[in-house]
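Presented below is the structure to which this report refers.
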Amino acid sequence: MGARIESAISALRFDKVISLGKDIDVVKGRLLVDSEDLIRVVGEGEHQIAELRRRVEGVGEGLADVSFQAASSDGRASARIARDGHVLDITLRDGFGDISRPTWVLADDVDIAARAIVEAVNRARATASQETYERFREQFPDAFDLLDDLRS
């Protein structure tokens, strides 16, 4: 890793003095910093990124076998979805209607059932979204606090 960083540093070309922070200056194309310090800082950054990935994967694994269920407001339909939003099953309280009724009435029943299905699926997805949000908020509270501050 050290050779890769030193190669990138040597490729830098500047015509003036640029301050990059405490004890790091670039003067006429030369970076004035101990390369071991730079390698250490880059290594710490890579370690932090690996830790963040592990935490994100942990949230995903915690939701792997979780499903979310919700019903339409009229109770005609309920839906169960996986964490990624895929529909696992749908239950209709009254089916799609009474097939002994005239076609034009049955068409209304099918329309009502279809609307109930869409509402139930959307409610289940909203529940899944909220649960996922809460789990990420637990894992990364500072980031979510910052987002809340930026929104207000």
Side-chain angles (χ1 to χ4, degrees), residues 1-96 109-152:
M1 178 172 63
R4 188 176 77 210
I5 292 171
E6 289 178 18
S7 174
I9 291 169
S10 67
L12 295 173
R13 298 288 178 251
F14 298 97
D15 295 331
K16 58 185 177 180
V17 175
I18 301 172
S19 178
L20 300 176
K22 182 181 176 190
D23 300 327
I24 301 175
D25 291 321
V26 176
V27 180
K28 294 194 185 241
R30 307 251 338 153
L31 187 61
L32 304 176
V33 65
D34 183 21
S35 61
E36 289 179 17
D37 287 342
L38 188 57
I39 291 168
R40 179 186 50 77
V41 169
V42 170
E44 289 173 4
E46 288 176 350
H47 174 72
Q48 289 174 350
I49 290 170
E51 177 63 19
L52 288 173
R53 282 188 181 134
R54 185 193 63 73
R55 290 169 63 190
V56 168
E57 289 169 358
V59 171
E61 290 169 3
L63 290 168
D65 296 326
V66 177
S67 63
F68 303 91
Q69 188 160 344
S72 61
S73 58
D74 61 8
R76 290 180 186 266
S78 64
R80 188 171 62 92
I81 65 162
R83 71 177 173 129
D84 62 0
H86 285 88
V87 176
L88 300 174
D89 59 65
I90 294 171
T91 304
L92 294 172
R93 182 185 66 202
D94 303 323
F96 279 102
D109 291 344
V110 170
D111 183 57
I112 291 168
R115 290 175 189 272
I117 290 169
V118 170
E119 182 184 357
V121 168
N122 286 343
R123 285 179 166 207
R125 286 181 174 157
T127 300
S129 177
Q130 185 62 36
E131 177 66 22
T132 302
Y133 174 88
E134 292 301 327
R135 291 193 185 197
F136 274 102
R137 185 177 195 82
E138 288 172 10
Q139 197 59 237
F140 303 99
D142 294 339
F144 281 84
D145 290 344
L146 177 62
L147 286 173
D148 290 342
D149 289 346
L150 291 173
R151 287 183 189 145
S152 54

- Query: How many angstroms lie between CG in Asp145 and CZ in Arg137, if you round to the nearest 0.5 Å?
  - Reply: 5.5 Å
- Message: Show the nearest heavy-atom pair for residues Phe96 and Asp109, with the distance to one decimal.
- Response: O-CB, 3.4 Å
- State, to 0.1 Å, how close Ile81 and Ala128 come at their nearest heavy-atom pair, and which atoms those are. CD1-CB, 3.9 Å
- Query: Taking atom CD1 of Ile112 and atom CG of Leu92, what is their separation to the nearest 0.5 Å?
  - Reply: 12.0 Å
- Task: Identify the two heavy atoms, one from Ala70 and one from Ala124, that lie closest to each other, and give their separation to 0.1 Å.
- Result: CB-N, 3.4 Å
- Note on the structure: Rounded to the nearest 0.5 Å, the OG1 atom of Thr91 sits from the CZ atom of Arg76 at a distance of 15.0 Å
- Message: Can you confirm whether the side chains of Glu134 and Gln130 place a donor and an acceptor under 3.5 Å from each other?
- Response: yes
- Query: Below 4.5 Å, heavy atoms only, C-beta onward: do Leu147 and Phe140 meet side chain to side chain?
  - Reply: no
- Item | Separation of Glu138 CD from Arg135 CZ (nearest 0.5 Å) | 7.5 Å
- Task: Could you pull out the closest heavy-atom pair between Asp74 and Arg93, with the gap in Å?
- Result: O-NH1, 3.3 Å
- Ion pair Glu57/Arg54, N-O distance below 4.0 Å: no
- Message: Ignoring hydrogens, what is the shortest heavy-atom contact between Ala113 and Gly95? Give both atom names and the distance.
- Response: CB-O, 4.0 Å
- Query: Heavy-atom count around Asp148 CG within 6.0 Å, excluding the residue itself: above 12?
  - Reply: yes
- Message: Within a 6.0 Å radius of atom CZ on Arg115, are there more than 12 heavy atoms belonging to other residues, nucleotides or ligands?
- Response: no
- Quick one: does Ser67's side chain have a donor or acceptor within less than 3.5 Å of a partner on Arg80's backbone? no
- Within the side chain of Ser129, is there an N or O that forms a donor-acceptor pair under 3.5 Å with the backbone of Arg125? no
- Message: Just verifying a value: how many Å separate Ser72 OG and Ile90 CD1, rounded to the nearest 0.5 Å?
- Response: 11.0 Å
- Message: Using only atom types and a distance under 3.5 Å, with no angle test, would you say the side chain of Arg83 pairs donor to acceptor with the backbone of Gly60?
- Response: yes
- Message: Taking Ser73's backbone N and O only, do any of them form a donor-acceptor pair with Glu119's side chain (distance below 3.5 Å, no angle check)?
- Response: yes
- Item | Nearest-0.5 Å distance, CD of residue Glu44 to CD1 of residue Ile49 | 12.0 Å
